[in-house]
Chemist: 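I am attaching a structure below and will ask some questions about it afterwards.
Residues: numbered from 1 along the sequence shown.
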Amino acid sequence: MLDKAWEQKSYGDIRSLEILQALPRELTTQESQQVEPDNDDPLHRAFTSPYHRKAVDAFYEYLEQNNKEFSADLIPKYYGKFCSIVQSSGTGKSRLLLELHTKGVLVLYINLRSSLDETGYPPRDVLPAAMLTGNWETEADYRARCYAFFAAVFTTIREYISTRLDSGSLEDTLEHWSKLTRNLVSEGRRQFFARLGTTYGTYYKEVNSHVPYKDNSRPSGSSLPGEEVEQEERPTEQDKHPEGYEEQTTTSMDMIEACSQMIKLLNALFGNGGGHKPKLVIALDEAHTLSVVTPNHYHPLTILCKAISLYSGRGARVTQDAVWVVFAPTTSKVAGIASPQPYHNSARVPADGQLVYPPFCQLGWDQLVDPLNGIAANDMAQAGHIIGYGRALWKSIRGDSVEEMTALAISKLCGVNKRQNIPLTILSQRFCLHFTFGHHEALEFLESSVASHLRISTGEDRNWSVTTYPSEPFLSCAAAPLLHVTFNPDEILRALEENILSGMIDVGKSGKLASRLLWLLSKDLYIRRTPLSRSVVPAADGQEWKSEPIDCQMISVIDYFCFVFGENFWEQAEETAKRRGEKTKVAREKAKAAGEGAQEAFKNAFVNFSHWVSVDGNISVPMNGSDRLTADEWTLRHWHRTSAVQCSHSQPLVDKMIPIYFKDNDPSCQDLSRVSQIFITDKARRSPNKEDLGDITRNHDSINCGSSRPWVAILVDLGLEESTVEFTFPERWSGRSTTEGANDGPCLRIYASAINNNTFPFLSRSEQLPSTLRNIIAYEETPPNGRQLTKTVQEQVEYGSTSMGRHMRWEAWGETQSSKARGKKRRASG
């Protein structure tokens, strides 16, 4: 045979010898052993607990719309019938895919988790995962694996459904399949994958025997002596058609035919009607294991998606068959798959102009939270309540120990890679850091944060990704000890300054970032003013989940202000009277009464904020119907989830709100009538703004938070150097009436200026914090790294955004910095 092949220069017969075939290593006995999870594992219990979300309905709607768009044009607009779910850990991607069967969809769920991850759940589906991951040989070999995989999937599904239809009804068939999907360790599922493996092996041999190889793309062990010369002299079909080679060759025909036969059966199963409703979803979970660059410099995910494009790009586009592949990674990089370029995985628009679908990100939030009236506001800090906010993961896997759950949250927040991201991760989760739009390092950080640090993707298109840390108090209770115990807070603050200097962090305007740091860190330091042995305070009755994380506990307003402004804060009114020369006995008595009256008014007042949340619009907006909250409900909801509010840039009068709760002994008083607010106004100018303090009112149309309860207005001049702390309080206050307005309670008005230990004595507890706060204020006026000219040019397109000259005087926009300096010199000499 060898002599004949040598004479005829044809090696086809030899190539087909079974002994020379590259048998798929995926089918070895060792690799096909599925690890069964422990039924008592908390993660396993979470997947079998009732599903409380609307995300599955939203995702079904998303797939249906995708199918409409795919079939809308005869000229291909979209690359293939695949899409992705991109979101961080613990948000319910896997559970969503498994629950899709409740919408009448056939779901084949396959987990591609790394073989090194032995503890994750759902477990790795060893056999199909071995078909698509690992053993990265040549590009041609991997293409053969992809074709064989889909051909085997379509064939095995068709055989499975045909068998069930022969012996039962449509409903029975769908029920059999849903059991196969729901039970990840069932015998039926094991048998299905075993059959899939056998079918895959057959297709792999067939497909692999027809792949035209170049000398640098043949699977190892399959080349023959002298064949390299033949391939150099005889160009392959891929040489002749380098860009569209995979259009239809014998290597892909088996896959396309298998898909066609399966679709015929699906039409018989579902009927030809149904329009664009999804029928079959092949769900590839943990798909980021495919987003690698192999030793041979190809992208497995790109090749896999080319295969999907081949079988879904012809008849499926015309007949509207809703068969979809859904990738579920934690990284948004997988959302940019399918670029046809062999070595450049570009940004979601393939080279031939076809599109891929923006990823689905909306998996919901607060699915397992208690209703507002489900727990008393007095008990809101209980761990069993706090753990319900945010992603469902925490409450779903709740174990026996609060501290163990906190340790898990800390581990997930830190991640396993990118340790350099931890300082910004810790601060972002609680302090609403804003990243500079388009900064190259910011983009990398945000993508990594979704993949590794529990940051949430709120939406993506083909160009931009929007991410954030939504309000999640239990995660804040993990971030706080990381900042103050695990790491050195001064080092974290220095890392923040470094990223501000690099332009990665936007400091904003009017001292907003500095103010967020000032107020929340002061609360952190107040809690930790004495050494703590643990981060959770046990409940009086010993019940574990009634214990309270220290960062969510309520603290006295009176004591908190003494910590922030100094132990003698409540005597400040009398000291102010003395400085003003009010030496009469009456004046001093009035000042003393103000301090005593304020302490009496706030003796039962508490704050509890653990993190900041940002508001996009005004606090009060005109609207009708049930969507509108009363001021008391708005405040109480922030109290329950321990959040303080950073107001929008357009909000008049105030910049921040911290909820207050009055814990008195009146049994007839409902929680809604026990709340009030601290409103804070930030100023970062070099001139004082003390007179603006008196203008702050919570009855303004944009706020509308008036009530009979006492409240606080604070104005801080962060940009001044002279230290001042003063307060006023109404002279007469009966407890339910006030001289400030018929519809409003008495207001404690506090004015403070300068960032130093005199104004804020607690700053002496941190070596780095005072300078960081002052530097942030300075960066607002003069951008770091000499970007003053950049800022000046940017302000020219912000005409009218303020009434200041730099946003209004267009005559000055043509002046250079040097000409401005000469003008100032001439004016000074004149």
Side-chain angles (χ1 to χ4, degrees), residues 47 51 55-57 59-67 70-71 80-85 93-111 122 125 127-128 149-184 186-196 199-200 255 258-285 287 308 311-312 315-316 319-328 360:
F47 273 82
Y51 189 74
V56 67
D57 301 311
F59 185 63
Y60 183 87
E61 178 183 76
Y62 164 83
L63 287 178
E64 189 174 12
Q65 182 61 35
N66 285 358
N67 210 70
F70 190 88
S71 306
K81 285 192 174 182
F82 61 88
C83 55
S84 59
I85 302 175
K93 299 184 297 296
S94 303
R95 185 68 189 273
L96 168 64
L97 293 170
L98 293 171
E99 290 297 323
L100 198 56
H101 76 91
T102 62
K103 304 295 292 183
V105 180
L106 297 177
V107 180
L108 176 60
Y109 175 86
I110 297 174
N111 192 290
D125 288 310
L127 197 58
F149 170 78
F150 283 115
V153 165
F154 299 144
T155 299
T156 309
I157 289 176
R158 178 175 56 81
E159 292 174 347
Y160 183 94
I161 294 176
S162 297
T163 302
R164 298 308 183 277
L165 278 177
D166 290 341
S167 59
S169 64
L170 168 63
E171 291 74 16
D172 292 338
T173 301
L174 292 175
E175 179 60 26
H176 271 288
W177 186 269
S178 66
K179 288 181 179 179
L180 186 76
T181 300
R182 294 197 305 267
N183 191 343
L184 298 178
S186 68
E187 178 62 19
R189 183 176 171 84
R190 187 195 66 77
Q191 292 178 3
F192 179 89
F193 281 142
R195 179 59 181 166
L196 176 68
T199 307
Y200 168 83
M255 174 186 66
C259 179
S260 176
Q261 293 299 318
M262 182 200 64
I263 287 174
K264 290 179 182 179
L265 185 63
L266 290 181
N267 288 336
L269 181 65
F270 290 96
N272 290 323
H276 297 280
K277 296 184 182 301
K279 297 177 181 177
L280 170 66
V281 167
I282 302 169
L284 301 180
D285 202 0
I308 300 171
Y311 73 72
S312 65
T319 61
Q320 304 176 359
D321 295 300
V323 177
W324 286 85
V325 175
V326 178
F327 299 99
F360 182 83

Chemist: Test of understanding: with ring pair (Phe, Tyr, Trp, His ring centres under 6.0 Å), list the residues that count as partners of Trp324, not counting sequence neighbours.
Modeler: Tyr357
Chemist: What heavy-atom pair brings Val56 and Glu99 nearest, and what distance separates the two atoms?
Modeler: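 Scanning both residues completely, I find the closest heavy atoms to be CG2-O, 3.7 Å.
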Chemist: Report the distance from atom CG of Asp285 to atom CG of Asp125, rounding to the nearest 0.5 Å.
Modeler: 9.5 Å
Chemist: Restricting to non-hydrogen atoms, name the atom on Gly80 and the atom on Phe70 that form the minimum distance, rounded to 0.1 Å.
Modeler: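 Scanning both residues, the minimum pair turns out to be C-CE1, 3.6 Å.
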Chemist: Side-chain contact, heavy-atom cut-off 4.5 Å: Ile161 with Leu106?
Modeler: yes
Chemist: Using the side chain to side chain contact (heavy atoms under 4.5 Å, CB included) criterion, which residues pair with Gln191? Sequence neighbours excluded.
Modeler: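 Side chain to side chain contact (heavy atoms under 4.5 Å, CB included) check on Gln191 returns Glu187.
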Chemist: If we only count heavy atoms from C-beta on, is the Tyr51 to Leu96 side-chain gap below 4.5 Å?
Modeler: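 In contact.
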Chemist: Side chains of Val107 and Leu98: closer than 4.5 Å at any heavy-atom pair?
Modeler: no
Chemist: Is the count of non-hydrogen atoms from other residues, nucleotides or ligands lying under 6.0 Å from Glu61 atom CD greater than 12?
Modeler: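 Open.
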Chemist: If you measure from CG on Leu63 to NZ on Lys103, what distance do you get to the nearest 0.5 Å?
Modeler: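 It comes to 11.5 Å.
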Chemist: What distance separates Thr156 OG1 from Phe193 CZ, expressed to the nearest 0.5 Å?
Modeler: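 Reported value, rounded in 0.5 Å steps: 10.0 Å.
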Chemist: So Phe154 and Ile282, do their side chains get closer than 4.5 Å, heavy atoms only?
Modeler: yes
Chemist: May I ask you to say whether Asp172 pairs ionically with Arg164, meaning some side-chain N is under 4.0 Å from a carboxylate O?
Modeler: no
Chemist: Quick check: closest heavy atoms across Leu265 and Ser162, and the distance to 0.1 Å?
Modeler: CD2-OG, 3.3 Å
Chemist: Among all residues two or more places apart in sequence or in another chain, which pass the ring pair (Phe, Tyr, Trp, His ring centres under 6.0 Å) test with Phe59?
Modeler: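 Only Tyr62, Phe360 meet the ring pair (Phe, Tyr, Trp, His ring centres under 6.0 Å) criterion with Phe59.
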Chemist: Could I get the full list of side chain to side chain contact (heavy atoms under 4.5 Å, CB included) partners for Ala152, not counting sequence neighbours?
Modeler: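 Checked Ala152 against side chain to side chain contact (heavy atoms under 4.5 Å, CB included); matches are Leu196, Thr199, Tyr200, Tyr203.
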Chemist: Rounded to the nearest 0.5 Å, what's the gap from CE on Met255 to OG1 on Thr155? Could you check?
Modeler: 11.5 Å
Chemist: Any side-chain heavy atom of Leu97 sitting closer than 4.5 Å to one from Lys93?
Modeler: no
Chemist: Using side-chain hydrogen bond (donor to acceptor under 3.5 Å, both in side chains) as the criterion, list what pairs up with Gln261, not counting sequence neighbours.
Modeler: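 If we apply the side-chain hydrogen bond (donor to acceptor under 3.5 Å, both in side chains) test to Gln261, skipping adjacent residues, the hits are Glu257.
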Chemist: Do Tyr109 and Val326 come within less than 4.5 Å of each other through their side chains, counting heavy atoms only?
Modeler: no
Chemist: Using distance alone, with no hydrogens and no angle criterion, decide if Asn66 and Lys81 have a side-chain donor and acceptor under 3.5 Å apart.
Modeler: no
Chemist: Considering only residues two or more places apart or on different chains, which pairs with a residue in residues 152-161 satisfy salt bridge (Lys or Arg N to Asp or Glu O under 4.0 Å)?
Modeler: Glu159-Arg195
Chemist: Return the CD to NE2 distance between Gln65 and His276, rounded to the nearest 0.5 Å.
Modeler: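 Gln65 CD to His276 NE2: 9.0 Å, rounded to 0.5 Å.
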Chemist: Set out, in order, the CA-CA distance, both residues' side-chain angles and the distance that settles side-chain contact (heavy atoms from CB on, under 4.5 Å) for Asn267 and Lys279, then state yes or no.
Modeler: CA-CA 9 Å; Asn267 288 336; Lys279 297 177 181 177; 3.0 Å; yes
Chemist: Using the ring pair (Phe, Tyr, Trp, His ring centres under 6.0 Å) definition, which of the options Phe149, Phe82, Phe150 pairs with Tyr311?
Modeler: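 Exactly one candidate clears the test, Phe150.
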Chemist: Look up atom CD1 in Ile263 and atom CD1 in Ile157, then write down how far apart they are to the nearest 0.5 Å.
Modeler: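 Answer for the CD1-CD1 pair, Ile263 versus Ile157, is 11.0 Å.
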